[in-house]
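A short write-up of the structure that comes next.
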Protein chains: 2
Amino acid sequence: MTKPTPDPRHTLTLRDVSEASGVSEMTVSRVLRNRGDVSAPTREKVLEAARALGYVPNKIAGALASQRVNLVGVVIPSLSNMVFPEVMTGISEILDGTGLQPVVGVTNYLPDREESVIYEMLSWRPSGMIIAGLEHSAASRAMLARAGIPIVEIMDIDGDPINHAVGISHRRAGRQMAEAIIAAGYRKIAFLGTQMPNDFRAKKRLEGFEEALAKAGLTLIDREYYSGGSALLKGREMTAAVLTRNPDVDFLYYSNDMIGAGGLLYCLAQGIDVPGRIGLAGFNGVELLDGLPRKLATMDACRLEIGRKAARIIADAPEAAQVEELFPTLEPGDTIRKS
Amino acid sequence: MTKPTPDPRHTLTLRDVSEASGVSEMTVSRVLRNRGDVSAPTREKVLEAARALGYVPNKIAGALASQRVNLVGVVIPSLSNMVFPEVMTGISEILDGTGLQPVVGVTNYLPDREESVIYEMLSWRPSGMIIAGLEHSAASRAMLARAGIPIVEIMDIDGDPINHAVGISHRRAGRQMAEAIIAAGYRKIAFLGTQMPNDFRAKKRLEGFEEALAKAGLTLIDREYYSGGSALLKGREMTAAVLTRNPDVDFLYYSNDMIGAGGLLYCLAQGIDVPGRIGLAGFNGVELLDGLPRKLATMDACRLEIGRKAARIIADAPEAAQVEELFPTLEPGDTIRKS
DNA sequence: TCTGCTACTGTTACCGCTAACAGCCACCTT
DNA sequence: AAGGTGGCTGTTAGCGGTAACAGTAGCAGA
């Protein structure tokens, strides 16, 4: 319970260290950054003084003078989604070796908020930006395009990137899942997903899904949306609703694993034969699924790898814009009949 | 797929806007910050020019000149924990109205990493710092103490804060849970938790728990630790292991809800009578629990409120150090016998 | 002995913005 | 008419570092 400032003096600057060690500020700066030649004894003296004083460099001044900022902005829609923390892990993993540091901004799926987060971040002149999705306001795109730094849009590649992009085709992912379901013999298929008008990737998956259904002469026999609340619980509730409305449905396609898991638990509790009577599938490949009584069919979104590749692009800052497509694998689990 | 810099010129500065609008840089600065008196026509002209050019202010220069940084450092052990995203929500909620902005740093429960994250953050001279836990290296404590900004340690209050603190007593939480369990008539109690040597809060809960057991003349009849992997799955596995070793155990106390949920699913699948034959309890009150077939007993850690209060302290920057204790409520759910 | 080079340290001029203060003008006031 | 007074705009001097360049000393080679 000490006071925050035990020492009444001003915050320390290079000058303080310089005076304490008897060399110029420039030499102190060199020692602290490990740049240029400094004799061993001087270096020792300086480090000693800096340590004794508890000096912490001022990066604001440093960045202004050197025109270099070791920050990478990362803009994502949500932290509670389970998927973005994993992307962050991939990013940190790569950035850790480069002296670059990620700074996270959260948009809550709101375009306005995204715009202000981007603006705020750019005003700190980061070395690069990583942003989820390809859909941004015109102003956001313009800001990013003229920032003069590498921009990487992640998660999705179905669209026109500002600069670089790393992700999967959600449209294709939806299509693939539909094809697998149809091949397994299911015909009365329902969709259950988020209401969120701004979850463009879920929307694209559904588009691809319906496209493939149409090609097989099928249409969704029901759809159910939710927003907010406990995803697991919503999964149960929505599943109950669909099964009541359409007792003859034979497949439930969920827009994410969490609600899929809720649905699975519900079906099992009802004693429904899964995957015989009803099949289930989600999307994402969250590790949570490993602990369920039965393994939910899903598709891995390559989150870790997306984070890694995006960070690598920022670190390398290649001249030419690149688009890296990753290919998610369909994991049939135990909730789709073996055809 | 445009190039990142459509315009070959240097990045824009106040001077560019000033020239474009025919007024001094100072006036532009005033308009852009909404500070001081500027005539309506001038303001219009400046805003127009800034918008047309796509000017984004340089906060680095601004911060250096004004000695004010609208950043709040938030240091947490992990993002995938489910608990910290909620704390972040509380923080953002309050900070949103103040012009302050949170910047997250993740330590992965490593003291060394915590130290460097703190150092890095302080070097940006934030307006305040929010840090999880009371246990930090001597160097970390020293840096924070002499930073001259409000420091709020969150989650825990069993210890000696550097400055402010907001949290619950985990020792007391453990004790309370033990008392409830004993009161319900359980006697053969086992603990299942994380191995993590640096999860001090889980450790304190266990201490409090054992303390209360001891007072009733009981000791844990078994304990099982894990690290890494899917918590839900680990919960199943550990539960199986404990039940095999000690078929007569009658209560399983989990260090978090996720493994508790795994244990619950396992017990239900085995047809074990919960809470008759075996009782279960976790810790945290994660919303996931709402979707389980049966509601797991738990204790709410007040995460949202902790985030809010911490942010409020930073925003108000009170002179006197304050310690705010919150009191978690025990939610018996359906997995403890009604005594 | 003088030159040239290397190893080390210091000096100067900013980086882009803002605090503080200094005008200037129109309009009152007395 | 002299002296406020407020509204608006500009000037100056940094903020705390770093790039670029300028010494200085010591030593090897010619």
Side-chain angles (χ1 to χ4, degrees), chain A residues 9-47 49-50 53-71 99 120 122-127 147-148, chain B residues 9-47 49-50 53-71 99 120 122-127 147-148:
Chain A
R9 281 183 336 198
H10 66 299
T11 46
L12 297 166
T13 73
L14 267 194
R15 151 156 268 102
D16 296 292
V17 183
S18 137
E19 282 169 1
S21 55
V23 299
S24 72
E25 300 176 31
M26 195 58 226
T27 301
V28 175
S29 169
R30 279 194 270 253
V31 170
L32 264 24
R33 285 178 303 147
N34 249 321
R35 202 169 301 272
D37 299 314
V38 180
S39 72
T42 308
R43 154 167 277 111
E44 266 320 300
K45 248 191 327 193
V46 170
L47 286 176
L53 291 169
Y55 173 71
V56 176
N58 185 331
K59 287 223 176 182
I60 299 186
L64 183 60
S66 68
Q67 303 283 62
R68 268 185 279 102
V69 182
N70 68 339
L71 263 26
E120 201 72 15
L122 286 180
S123 73
W124 286 100
R125 301 288 186 266
S127 299
Chain B
R9 281 182 337 199
H10 66 300
T11 45
L12 297 166
T13 72
L14 267 194
R15 152 156 268 101
D16 296 293
V17 184
S18 136
E19 283 170 0
S21 55
V23 299
S24 72
E25 300 176 31
M26 195 58 225
T27 300
V28 176
S29 170
R30 278 195 269 255
V31 171
L32 263 25
R33 285 178 304 148
N34 250 320
R35 203 169 301 274
D37 300 314
V38 180
S39 71
T42 308
R43 153 168 278 110
E44 264 321 300
K45 247 189 331 192
V46 170
L47 286 177
L53 290 169
Y55 173 71
V56 177
N58 186 332
K59 286 224 177 183
I60 299 187
L64 184 60
S66 68
Q67 304 283 62
R68 268 185 278 102
V69 182
N70 68 338
L71 263 25
E120 201 74 14
L122 285 181
S123 73
W124 287 100
R125 302 287 187 267
S127 299

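By convention in this document, chain letters (A, B, ...) are assigned in the order of the sequence lines, proteins followed by strands, and residues within each chain are numbered from 1.
- Mapping B:Ala65 and B:Gly22 onto DNA chain D by nearest heavy atom places B:Gly22 closer to the 5' end of the strand.
- Between the CG atom of A:Leu12 and the C1' atom of D:dC15 there is a distance of 16 Å, given to the nearest Å.
- Listed pair A:Tyr55 / D:dG16 fails the phosphate criterion, with no side-chain N or O lying under 4.0 Å from OP1 or OP2.
- A 4.5 Å side-chain heavy-atom check between B:Tyr55 and B:Val28 finds every atom pair outside the cut-off.
- Contact check for B:Arg125 versus A:Val56: side-chain heavy atoms found under the 4.5 Å cut-off.
- One atom, NZ of A:Lys59, and another, C1' of D:dT18, lie 14 Å apart when rounded to the nearest Å.
- With contacts defined as side-chain heavy-atom distances shorter than 4.5 Å, the pair B:Glu120/A:Lys59 qualifies.
- When distances run from any side-chain atom of A:Leu64 to the nucleotides C:dG16, D:dG17, C:dG10, the shortest one goes to C:dG16.
- Contact annotation for A:Arg68: backbone-only contact, meaning every heavy-atom pair under 4.0 Å involves sugar-phosphate atoms and none involves a base.
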Show me the protein contacts with nucleotides 22-28 of chain D, counting only N or O atoms at under 3.5 Å.
none

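- One interatomic measurement links the two molecules: CG of A:Leu14 to C1' of C:dT11, which rounds to 15 Å at whole-angstrom precision.
- Side-chain atoms of B:Ser127 come within 3.5 Å of backbone N or O of B:Val69 as a donor-acceptor pair.
- Heavy atoms only, all atoms of each residue included: A:Val38 and A:Arg43 are closest at O-NH1, 3.4 Å.
- Rounded to an integer number of Å, the gap from B:Arg125 CZ to D:dG16 C1' is 9 Å.
- B:Arg15 places its CZ atom 14 Å from the P atom of C:dT18, with the value rounded to the nearest Å.
- Pairing each heavy atom of A:Ala147 with each of B:Thr11, the nearest pair is O-CG2, 4.4 Å.
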Pick out the pairs of N or O atoms, protein on one side and nucleotides 25-27 of chain C on the other, that lie under 3.5 Å.
none

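- Taking every heavy atom of both residues into account, B:Leu64 and A:Ala61 meet most closely at CD1-CB, 3.8 Å.
- For A:Arg35 and C:dT9, the CZ to C1' distance is 17 Å, given to the nearest whole Å.
- Using a 4.5 Å heavy-atom cutoff, the side chains of A:Trp124 and B:Leu71 are in contact.
- Taking only side-chain nitrogens and oxygens, B:Thr42 comes nearer than 4.0 Å to OP1 or OP2 of D:dT9.
- Using a 4.0 Å heavy-atom cutoff across all strands shown, A:Asp37 reaches at least one base atom of the nucleic acid.
- As a whole-Å value, the separation of B:Asn58 CG from D:dC15 P is 18 Å.
- Phosphate contact (OP1/OP2 of C:dT9, side-chain N/O of A:Ser39, threshold under 4.0 Å): present.
- Within the 3.5 Å criterion, the main-chain N or O of B:Val23 finds no donor-acceptor partner in the side chain of B:Thr27.
- Side-chain proximity of A:Ser66 to C:dG16, D:dA19, D:dG17: nearest is D:dA19.
- Residue-environment remark: CZ (B:Arg15) stays at or below the threshold of 12 foreign heavy atoms within 6.0 Å.
- When the C1' atom of D:dG14 is taken as reference, atom CD of B:Gln67 falls 10 Å away, rounded to whole Å.
- Using a distance-only test at 3.5 Å, with no hydrogens or angles considered, no donor-acceptor pair links the side chain of B:Ser29 to the main chain of B:Glu25.
- Of the residues in residues 25-34 of chain A, those lying under 4.0 Å from DNA chain D by heavy-atom distance are A:Met26, A:Ser29, A:Arg33.
- Remark: side-chain polar atoms of B:Ser21 are paired, donor with acceptor, to backbone N or O of B:Val17 under 3.5 angstrom.
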